[in-house]
Amino acid sequence: MVLRLILGDQLNYKHSWYTDTDTTEVCYFIAEMRQETDYTRHHIQKVVGFFLGMRHFADWLRDQQCDVTYYTLDDPRNTQDLVQNLQQLITTQQITRFEYQLPDEYRLDEQLRTFCDSLSIPTEAVTTEHFMTSRTDLAQFFKGKKQYTMEFFYRYMRKRYGILMQNEKTPEGGKWNFDHNNRKKWTGSPAIPSEKNIPKDVTDIVALLAQEGVATIGTIDAKAYHWPVTRAEAIEVLAYFCEHLLVHFGDYQDAMHPEQHYLFHSRLSFAMNSKLLGPSEIIHTVIKYWRAHESEIAISQVEGFVRQILGWREYMRGMYWMQMPDYQSVNYLQNTNPLPEFYWTGATKMRCMQHAIQQSLDHAYAHHIQRLMITGNYALLTMTDPDQVDQWYLGIYIDAIQWVEITNTRGMSQFADGGLVATKPYVSSGSYIHKMSGYCKGCHYKVTKKTEPDACPFNALYWNFLDEKKAYLQGNQRMKMMYNLLHKMDPQQLAVLKQRAHDIIQHPHAY
């Protein structure tokens with residue numbers, strides 16, 4: 001008997017494992033475990049999403065006449081530890097061979113590799129058949145290079161797969177990147193269709209988590225859980241994106257607005273990261289739809305979407321496997337301040353922070369600019385310990401699995417890797433937030449003021465950060481203009497800015 005392990009983020013209905021017609025000698029194992037619910041404090045919608053997706057997947061396997069052993073969280077056989085559960089099954093079911101799909105998280109990869117080394121039966125690790133690159137493709141691509149520029153990798157991927165290409169060398173539309181077209185501010189028009197919801201009653205799982213004492217964050221509507229948790233549901237959400245949201249996606253992919261949670265974003269990240277849908281099929285579905293509607297949808301809308309998946313997502317995974325395990329402890333800027341309590345409550349007078357955090361607590365979601373230029377920007381400007389920032393991002397978002405979370409947080413957002421992922425720190429004063437959002441209107445603070453009691457905190461924090469970290473950053477060519485401005489600033493004005501910034505950092509609850 002062969003035992004095959006399926007982890008909670010390996011719900012790939014299209015995996016070749018399931019094309020075998022003879023399944024009489026194979027048992028599949030899926031388990032809800034405290035090992036996974038407790039390694040950080042997760043959003044309740046995230047835990048529910050994975051558990052529900054796993055249960056549906058087990059039911060689908062049974063429909064394919066597969067033998068499935070499924071441990072719910074309260075199953076008396078469940079030791080709550082992956083290795084102990086596997087060892088127990090191998091012994092009780094007289095397993096003669098163990099197989100698993102390569103995990104995407106380093107901790108699980110190490111745990112399973114060590115476990116297999118201890119076994120006396122044959123073992124095999126196979127690919128998840130999900131990503132468009134292997135773990136080592138990015139390292140090979142940048143071999144011998146000092147900088148790991150994503151744009152070059154993205155162009156390579158476009159050529160490699162013939163995606164949005166006129167020929168082998170020329171990109172469709174004459175440009176590789178339409179990023180400058182993707183920075184419009186949304187002010188109420190065009191109208192945004194409501195998101196595609198497929199409501200489900202999850203009161204049983206919510207009750208189970210409470211019964212078992214699983215600590216979570218955030219809120220949930222247990223009678224109308226709306227994230228896609230099966231392949232069929234994910235396909236519905238993808239079709240809805242193509243038909244209703246793609247037409248304006250690129251234009252407003254960086255926009256933020258206090259009355260909108262999703263704007264034109266697809267809400268497919270959880271479906272992708274749990275592997276209900278593959279990146280290649282999503283890309284080709286979107287491009288196919290665009291080609292049938294080219295007169296209505298500009299190429300910039302499509303390229304912006306493709307870049308996030310084909311470029312950024314694959315790049316971040318490659319960086320993760322190239323840099324781990326050291327990456328999880330890098331702190332180039334030596335930031336050590338605690339993460340403010342309002343990250344867990346949303347209780348702040350800064351409207352942008354309040355909205356982005358409350359949205360995250362309510363929906364387990366915020367799009368990439370909210371994460372990067374609102375919550376991430378504030379954490380970096382206040383010189384917060386990246387360990388604490390990591391734990392918050394890893395827990396609060398439904399799509400947060402370490403391989404994609406830590407590279408975006410510690411690399412792109414917090415510059416803790418010293419520039420491996422980002423060529424400069426992504427920090428800004430209130431002016432950028434005002435430019436890209438509707439947050440500043442109606443805020444307690446005034447974005448045009450710098451040091452007054454009602455001045456936007458981001459303004460003083462920005463100049464203080466540049467001054468505090470100049471030993472690390474003033475040699476960065478992309479920061480040259482801002483450091484020239486800093487050096488020309490009146491010392492007395494800078495001192496007042498720094499005094500206000502230090503008060504914000506020391507008393508975050510007052511802001």
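In what follows, every heavy atom counts, from backbone to side chain, and hydrogens, waters and symmetry copies are set aside.
Taking CH2 of W227 as the start and NZ of K46 as the end, the distance is 12.5 Å to the nearest 0.5 Å. One finds the CD atom of Q414 at 12.0 Å from the CE atom of M383 (value rounded to the nearest 0.5 Å). Within the model, atoms CG of D74 and CG of L208 stand 5.0 Å from one another, a figure rounded to the nearest 0.5 Å. Going from atom CD1 of I309 over to atom CE of M157 covers 11.5 Å, rounded to the nearest 0.5 Å. Atom CD1 of residue I205 and atom CZ of residue F51 lie 8.0 Å apart, to the nearest 0.5 angstrom. Distance NE2/H363 to OH/Y397: 12.0 Å, rounded to 0.5 Å.
Here the closest non-hydrogen pair linking Y327 and L420 is CE1-CD1, 4.2 Å. When all heavy atoms of W321 and D104 are compared, the pair lying nearest together is CZ2-O, 3.5 Å. Residue G311 comes nearest to M150 through the heavy atom pair C-SD, 3.8 Å, listed as atom of the first residue, atom of the second, then distance. When all heavy atoms are compared, the tightest approach of P228 to L276 is O-CD1, 3.7 Å.
Side-chain contact between I369 and M256: present, with at least one pair of heavy atoms (C-beta onward) separated by less than 4.5 Å. Between P103 and L7, some side-chain heavy-atom pair lies under the 4.5 Å cut-off. In this structure, the side chains of L466 and M479 come closer than 4.5 Å at one or more pairs of heavy atoms. Looking at heavy atoms from C-beta onward, H502 lies in side-chain contact with E468 at the 4.5 angstrom threshold. Taking the side chain as every heavy atom from C-beta outward, W344 and L339 approach each other to under 4.5 Å. The shortest side-chain heavy-atom distance between D38 and Q80 does not fall under the 4.5 Å cut-off. Side-chain contact between L11 and M54: present, with at least one pair of heavy atoms (C-beta onward) separated by less than 4.5 Å. Side-chain contact check for L380 versus V389: every heavy-atom pair is 4.5 Å or farther apart.
Each of I401, T409, T407 was checked for a side chain to side chain contact (heavy atoms under 4.5 Å, CB included) with E405, and the lone residue meeting it is T409. For the side-chain hydrogen bond (donor to acceptor under 3.5 Å, both in side chains) with Q402, the lone residue among Y39, Y106, Y320 that qualifies is Y320. Among H261, H367, Q354, the one residue that satisfies the side chain to side chain contact (heavy atoms under 4.5 Å, CB included) test with Q359 is H261.
Between F153 and F142, the ring planes lie tilted relative to each other; the angle falls in the 30° to 60° range. A tilted orientation is assigned to the rings of Y262 and Y365, their planes being inclined by 30° to 60°.
Counting only residues at least two apart or on different chains, no salt bridge (Lys or Arg N to Asp or Glu O under 4.0 Å) pair has a member in residues 471-488. The side-chain hydrogen bond (donor to acceptor under 3.5 Å, both in side chains) pairs that include a residue from residues 204-217 number zero, where partners must be two or more places apart or lie in different chains. Within the structure, the ring-ring contact (aromatic ring centres under 6.0 Å, His included) test picks out the following pairs touching residues 422-462 (sequence neighbours left out): H355-Y439, Y378-F458.
Q140 and T136 form no side-chain donor-acceptor contact under 3.5 Å, judged by distance and modelled atom types alone. No donor-acceptor contact under 3.5 angstrom links the side chains of D9 and N273, judged on distance only. For the residue pair E151 and N177, a side-chain donor N or O sits within less than 3.5 Å of a side-chain acceptor on the partner. Between the side chains of Q260 and W186, no donor-acceptor pair is found at a separation under 3.5 Å. T128 and Q101 form no side-chain donor-acceptor contact under 3.5 Å, judged by distance and modelled atom types alone. Side-chain contact, T72 with D75: no donor N or O sits under 3.5 Å from an acceptor N or O. Between the side chains of Y70 and E32, at least one donor-acceptor pair of N or O atoms lies under 3.5 Å. Using modelled atom types, one finds no donor on one side chain facing an acceptor on the other under 3.5 Å when comparing N335 with T384.
Judged as a salt bridge (charged side-chain N to carboxylate O under 4.0 Å, His left out), and not counting sequence neighbours, the contacts of E233 are K200. Every residue was checked against the salt bridge (charged side-chain N to carboxylate O under 4.0 Å, His left out) condition with D81, not counting sequence neighbours, and none meets it. Not a single side chain to side chain donor-acceptor pair (under 3.5 Å) links H509 to another residue, sequence neighbours left out.
For F152 and F141, the ring centers sit 6.0 Å or farther from each other.
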Let me see the working for E452 and R500 under salt bridge (charged side-chain N to carboxylate O under 4.0 Å, His left out), right down to the final yes or no.
-> CA-CA 9 Å; E452 298 88 339; R500 177 167 170 79; over 6 Å; no
Worked verdict on L82 versus L112 for side-chain contact (heavy atoms from CB on, under 4.5 Å) | CA-CA 9 Å; L82 177 59; L112 285 168; 4.0 Å; yes
Worked check of side-chain contact (heavy atoms from CB on, under 4.5 Å) between F264 and D251 = CA-CA 9 Å; F264 295 96; D251 287 346; over 6 Å; no
Start with the C-alpha distance between T375 and W392, add both sets of side-chain angles, then the distance that settles side-chain contact (heavy atoms from CB on, under 4.5 Å), and finish with yes or no.
-> CA-CA 10 Å; T375 51; W392 186 78; 4.0 Å; yes
Show the numbers, then the answer: is there a salt bridge (charged side-chain N to carboxylate O under 4.0 Å, His left out) between D387 and R410?
-> CA-CA 8 Å; D387 286 350; R410 207 171 274 261; 2.5 Å; yes
S413 and R371: side-chain contact (heavy atoms from CB on, under 4.5 Å), yes or no, with the steps?
-> CA-CA 8 Å; S413 172; R371 301 186 200 194; over 6 Å; no
Go through F342 and Y511 one step at a time and tell me if the ring pair (Phe, Tyr, Trp, His ring centres under 6.0 Å) criterion holds.
-> CA-CA 10 Å; F342 60 65; Y511 291 84; 9.4 Å; no
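More than 12 non-hydrogen atoms from other residues, nucleotides or ligands lie less than 6.0 angstrom from CD of Q84. Atom NZ of K223 sits in a sparse spot, with 12 or fewer heavy atoms from other residues, nucleotides or ligands closer than 6.0 Å. Taking a 6.0 Å sphere around NZ of K185, one finds it holds more than 12 heavy atoms contributed by other residues, nucleotides or ligands. Counting non-hydrogen atoms of neighbouring residues, nucleotides and ligands closer than 6.0 angstrom, the CD atom of Q334 exceeds 12 such neighbours. Counting heavy-atom neighbours within 6.0 Å of K435 NZ, excluding the residue itself, gives a total of 12 or less.
Not one N or O on the side chain of K275 forms a donor-acceptor pair closer than 3.5 Å with the backbone of F131.
At a threshold of 4.0 Å, the pair R107-E36 counts as salt-bridged, since one of the basic side-chain nitrogens sits closer than that to a carboxylate oxygen. Using a 4.0 Å cut-off between charged nitrogen and carboxylate oxygen, D399 and R313 do not count as a salt-bridge pair.
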